[in-house]
2 protein chains.
Amino acid sequence: MDDTPQSSRVSSTDQDAHARILRAALTEFTQRGYKGASTRGIAERAGVNEVTLFRHFGSKLDLLRAAVEQALMQMKIPQDLEPYLHGTLEQGLSQFISDYLLQVTAQSDILMLGFSEAFSQPEISDLLREFMWKMRGMIVRYFEAMRERGAIKEGDYPILAHIIMTSLHGAASMRKRTPIEMAQLSDERLTGCLVKTIVDAYARYAPDSPIHDTQLT
Amino acid sequence: MDDTPQSSRVSSTDQDAHARILRAALTEFTQRGYKGASTRGIAERAGVNEVTLFRHFGSKLDLLRAAVEQALMQMKIPQDLEPYLHGTLEQGLSQFISDYLLQVTAQSDILMLGFSEAFSQPEISDLLREFMWKMRGMIVRYFEAMRERGAIKEGDYPILAHIIMTSLHGAASMRKRTPIEMAQLSDERLTGCLVKTIVDAYARYAPDSPIHDTQLT
DNA sequence: TTATAATGCAAGTACATACTTACGCAAGTG
DNA sequence: CACTTGCGTAAGTATGTACTTGCATTATAA
């Protein structure tokens with residue numbers, strides 16, 4: 001009698017129920033998996049009655065779909081390579097990778113969910129794979145643009161893109177899951193090492209001499 | 001009436017029930033997650049009655065623990081670096097990485113399970129983290145040994161190890177989960193690109209001239 | 001004021017599933 | 001033979017949970 005359910009509704013920044021349920025669903029699904037998450041739990045977390053959840057989304061599976069769809073929509077794939085083609089190879093690559101890592105970290109919930117639920121929810125993993133595919137294509141195109149400018153050597157760009165994506169994704173998910181910091185796996189350190197390695201391995205000219213600053217663009 | 005349960009028991013290479021249940025449990029847990037897997041399903045897959053499962057392992061959770069423990073036991077971490085310190089940097093690194101990839105691919109079930117169930121089953125993820133930690137230490141020690149021999153430059157070896165592990169793990173899990181081959185992500189291509197990148201980036205001498213063949217060891 | 005839409009609440013249904021109990025059968029072992 | 005050990009079979013219990021239904025409540029808009 002003391003605390004009315006309304007209080008919790010107001011406390012949740014007063015978004016409409018729809019959005020609150022979506023957010024709650026995503027975190028519950030992520031933390032507990034699809035099977036492990038309960039509609040009751042999601043409703044509680046959203047500060048909403050369980051019935052409202054069903055009125056909005058019909059079924060648990062539809063809720064999952066909606067949550068994933070919405071989350072992937074928010075995940076922006078850089079459509080334009082221009083910003084990353086200025087300056088040194090190192091500068092461009094750094095910017096590119098840290099931008100990507102930002103996205104991955106922010107949306108690591110949905111990525112992890114997609115990975116862990118890939119087997120049981122094919123449609124979800126399709127969405128995810130499509131995203132990964134696009135992202136990979138983007139990175140490959142970035143490398144090709146760099147090669148056309150004479151900044152980097154030939155290489156197995158798709159695999160290189162895969163390495164970049166998986167190591168960033170692995171770091172993001174590890175940071176989410178494990179209480180301890182797996183060896184101070186900071187964004188800066190990771191991107192730094194990744195960029196340095198790629199630059200040292202693929203830069204056409206000695207990486208220490210910033211030759212290409214003017215040439216690029 | 002036609003096919004007695006005995007037939008399936010015999011067909012399963014006649015291992016004792018214990019081992020068959022463990023194997024069945026691992027794949028079921030991996031494919032469906034802990035919650036998603038049912039003791040009934042595991043028992044069926046093992047060609048065993050559900051009661052037998054409980055008689056052997058007591059509870060579903062204990063079965064999970066046993067399955068994970070056994071799987072991690074089978075996963076060998078190379079204790080001796082010697083074999084990888086002979087020959088070129090490229091040769092040693094190739095061998096090291098492909099050996100590791102073999103392990104990861106063979107045991108990707110348990111790794112994936114550990115990752116996806118990390119949140120709900122802390123003890124499982126502890127086991128997994130311990131393994132990853134050891135493995136990372138191994139790679140780092142390998143790089144340090146190489147540096148002491150003057151074969152490679154300084155670098156952020158722990159992060160480098162992380163990049164190697166995550167990209168290999170990412171590839172293994174991707175291959176398991178997705179029907180399509182994510183861009184012909186073959187072992188050879190992946191290790192090749194990984195090794196080439198690292199060699200090009202960190203070899204002390206021009207990677208094309210195999211100077212160090214005799215010096216190493 | 002009245003109608004409509006969105007929500008809460010209480011209760012219930014149907015079903016999957018972890019786990020138990022009790023009993024019977026067969027094989028090996030003393 | 002008697003005894004144990006391992007397993008199958010049948011049946012049942014308890015619980016969680018997705019989803020439904022019916023009704024009361026509040027706020028907004030006509």
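In what follows, every heavy atom counts, from backbone to side chain, and hydrogens, waters and symmetry copies are set aside. Every chain is numbered from 1, with letters handed out A, B, ... down the list of sequences.
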Do A:Gln103 and A:Asp99 get their side chains close enough for a donor-acceptor pair, meaning under 3.5 Å?
no
Whole-Å gap separating C1' (D:dG6) and CG (B:Leu53):
15 Å
Ion pair present between B:Arg40 and B:Glu44, side-chain N to carboxylate O less than 4.0 angstrom?
no
Starting from C1' on D:dC7, measure out to CG on B:Asp16 and report it in whole angstrom.
12 Å
Of all the nucleotides listed (C:dC19, D:dC23, D:dC19), which has the minimum atom distance to the side chain of A:Ser59?
D:dC19
Here the distance between atom C1' of D:dG16 and atom NZ of B:Lys35, to the nearest Å, is 8 Å
Could you tell me whether A:Glu130 and A:Lys134 have a side-chain N and a carboxylate O separated by less than 4.0 Å?
yes
Rounded to the nearest Å, what distance is computed from the CG atom of residue A:Asn49 to the C1' atom of nucleotide D:dT21?
13 Å
Here the distance between atom C1' of C:dT17 and atom CD1 of B:Ile42, to the nearest Å, is 12 Å
Which of parallel (below 30°), tilted (30 to 60°) and perpendicular (above 60°) describes B:Tyr142 and B:Tyr84?
perpendicular
D:dC7 C1' sits how many Å from B:Arg55 CZ, rounded?
6 Å
5' priority, DNA chain C, between B:Gly58 and A:Val51 [closest heavy atom]
A:Val51
Output yes when at least one side-chain N/O atom of A:His56 is less than 4.0 Å from OP1 or OP2 of C:dA6, else no.
no
Base, sugar-phosphate, or nothing: which does B:Ala37 touch, judged by heavy atoms less than 4.0 Å apart?
sugar-phosphate
Any side-chain N or O of B:Thr52 less than 4.0 Å from the OP1 or OP2 oxygen of D:dC7?
no
Please report, rounded to the nearest Å, how far the P atom of C:dT20 is from the NZ atom of B:Lys60.
14 Å
Separation of atom CD1 in A:Ile21 from atom P in D:dC19, rounded to whole Å:
14 Å
